[in-house]
Structure formats: structure tokens, C-alpha cells
Amino acid sequence: MTNAHLPNGRPRSVTVIGWLFIAAGVVGLVYHATALERSGPLDYEAVWVLLLRLLAVIGGAFLLRGADWARWLVLAWIAYHVVLSAFHSWSDTAVHAVLLAGVAYLLLRPEAWAYFRSAKRRPEQP
């Protein structure tokens, strides 16, 4: 199966993953921000969660821009969730591990490598 490319040369899989991370990050930010608002005094754990959600948005946005470091951020973000879910349940861990494997497969394919490599050579658009 070939990986379809968009007119800008970005593999469709990178586009989908980027937008999924942006969406998951924004939904998580809204959800946890409202929970933080209801919790009263400053909850440092909630602030940490908000920062992690923000990293998902940043990772997704920069995946779309072709930043190679963003794909490693996204993979680290999911790997962190695999470790974190190991403290909850095996089913959570399994789901996150499958997500990690799928995203890693798509972001580490030759088409993705070529896209991120070519993005480094493209001049910045004003």
C-alpha cells in the first residue's frame, strides 16, 4: 500500500496524525482547564496535565509544518502515556502501546522520513 501524498508533498498519514494530536490536545486542554477552574486552589498535577496537552497541540502543529523534532515529541508523548497507563490498567496500557506502535510505524516510514528531510531544505514561507 502506498502512502498518499497531499499536493504540498506531506504524506496523508502525517497530516492525519498531526490533526489528531491537535484535536486531542485542544479537547484535553478545554476539559482539564474547566476541571482546574472547579478544583479551587492551584492543583499542580492539573497544571502538569495542561502542559502535556499543550505539548500535543504543539507536536501536531509542527508535524504539519514538517519539523522533524515534532515527530519525536509526538512519539515521546505517546510513550509517556504508555508508561503512565501502566499504573492504571492493562487495557489502558495495551491501547496506548498499540497507538504508539501505529504512530511510530506511520511517522518512521520512508515516506515520512523523506517529507521531514525535504521540509528542512524548503525555504521558510513569509
Side-chain angles (χ1 to χ4, degrees):
M1 181 168 103
T2 62
N3 192 5
H5 288 70
L6 299 175
N8 62 4
R10 183 188 318 124
R12 194 173 308 277
S13 58
V14 172
T15 303
V16 170
I17 292 168
W19 281 111
L20 284 174
F21 268 80
I22 291 169
V26 168
V27 168
L29 277 170
V30 170
Y31 173 79
H32 290 291
T34 57
L36 181 63
E37 191 176 274
R38 291 188 305 260
S39 69
L42 186 59
D43 180 5
Y44 290 105
E45 183 177 326
V47 171
W48 175 247
V49 170
L50 289 173
L51 289 173
L52 285 173
R53 294 299 184 164
L54 184 59
L55 285 176
V57 173
I58 291 168
F62 279 91
L63 272 180
L64 297 176
R65 292 181 51 89
D68 190 42
W69 60 265
R71 104 173 121 160
W72 300 108
L73 172 63
V74 164
L75 290 170
W77 192 90
I78 298 177
Y80 172 78
H81 281 79
V82 171
V83 172
L84 188 64
S85 62
F87 294 104
H88 297 140
S89 72
W90 283 108
S91 62
D92 283 353
T93 306
V95 167
H96 283 101
V98 168
L99 285 172
L100 174 61
V103 170
Y105 172 75
L106 293 171
L107 292 181
L108 299 175
R109 291 179 54 154
E111 294 88 359
W113 280 100
Y115 167 67
F116 289 110
R117 190 172 30 248
S118 71
K120 287 181 183 179
R121 291 190 294 253
R122 284 191 303 250
E124 283 294 318
Q125 300 293 327

Check: In this structure, which one of V82, I78, L84 forms a side-chain contact (heavy atoms from CB on, under 4.5 Å) with Y80?
Finding: L84
Item checked: L100 with W72, same ILVMFWY side-chain cluster at under 4.5 Å -> yes
Notebook entry, point to check: What is the minimum heavy-atom distance between A56 and G25, and which atoms define it?
Noted result: CB-CA, 4.0 Å
Note to self: Just verifying a value: how many Å separate I22 CD1 and I58 CD1, rounded to the nearest 0.5 Å?
What the structure shows: 11.0 Å
Notebook entry, point to check: What distance do L52 atom CG and H81 atom NE2 have between them, rounded to the nearest 0.5 Å?
Noted result: 6.0 Å
Note to self: I'd like to check L29 versus L50 (side-chain heavy atoms, cut-off strictly below 4.5 Å). Are they in contact?
What the structure shows: yes
Next item on the list: Determine yes or no for a side-chain-to-main-chain donor-acceptor pair under 3.5 angstrom, with W113 supplying the side chain and L108 the backbone.
Entry: yes
Margin query: Are there over 12 heavy-atom neighbours, none belonging to W48, within less than 6.0 Å of that residue's CH2?
Written below: no
Next item on the list: Kindly say whether H88 contributes a backbone atom to a donor-acceptor pair with the side chain of S85 at under 3.5 angstrom?
Entry: no
Notebook entry, point to check: Is there a side chain to side chain contact (heavy atoms under 4.5 Å, CB included) between F62 and L73 once you walk through the steps?
Noted result: CA-CA 10 Å; F62 279 91; L73 172 63; over 6 Å; no
Checklist line | Y115 side chain vs G9 backbone, donor-acceptor pair below 3.5 Å | finding: no
Checklist line | Side-chain heavy-atom pair L63, L107 within 4.5 angstrom cut-off | finding: yes
Next item on the list: Check the hydrophobic clustering (I, L, V, M, F, W, Y; side-chain heavy atoms under 4.5 Å; chains of links allowed) and say if V98 and L75 are grouped together.
Entry: no
Notebook entry, point to check: Linking I/L/V/M/F/W/Y whenever any side-chain heavy atoms sit under 4.5 Å apart, do V27 and I17 land together?
Noted result: no
Check: Once the angle between the rings of F21 and W77 is folded into 0 to 90°, is it parallel (under 30°), tilted (30 to 60°) or perpendicular (over 60°)?
Finding: perpendicular
Notebook entry, point to check: Is a side-chain donor or acceptor of R53 paired with a backbone partner of G28 at a separation under 3.5 angstrom?
Noted result: no
Checklist line | Cluster overlap L99 with L20, hydrophobic side-chain contacts below 4.5 Å | finding: no
Margin query: Between R10 and L64 (side chain of the first, backbone of the second, donor and acceptor by atom type, cut-off under 3.5 Å), is there such a pair?
Written below: yes
Margin query: Quick check: closest heavy atoms across S13 and L106, and the distance to 0.1 Å?
Written below: CB-CD2, 4.0 Å
Note to self: Please find the pair of heavy atoms, one from V57 and one from V26, that lie closest to each other, and give the distance.
What the structure shows: CG2-N, 3.6 Å
Notebook entry, point to check: Roughly how far, to the nearest 0.5 Å, is CZ of F87 from CG of D92?
Noted result: 13.0 Å
Check: According to a 4.5 Å side-chain heavy-atom criterion applied to Ile, Leu, Val, Met, Phe, Trp and Tyr, with indirect links allowed, do V103 and W19 form part of one hydrophobic cluster?
Finding: yes
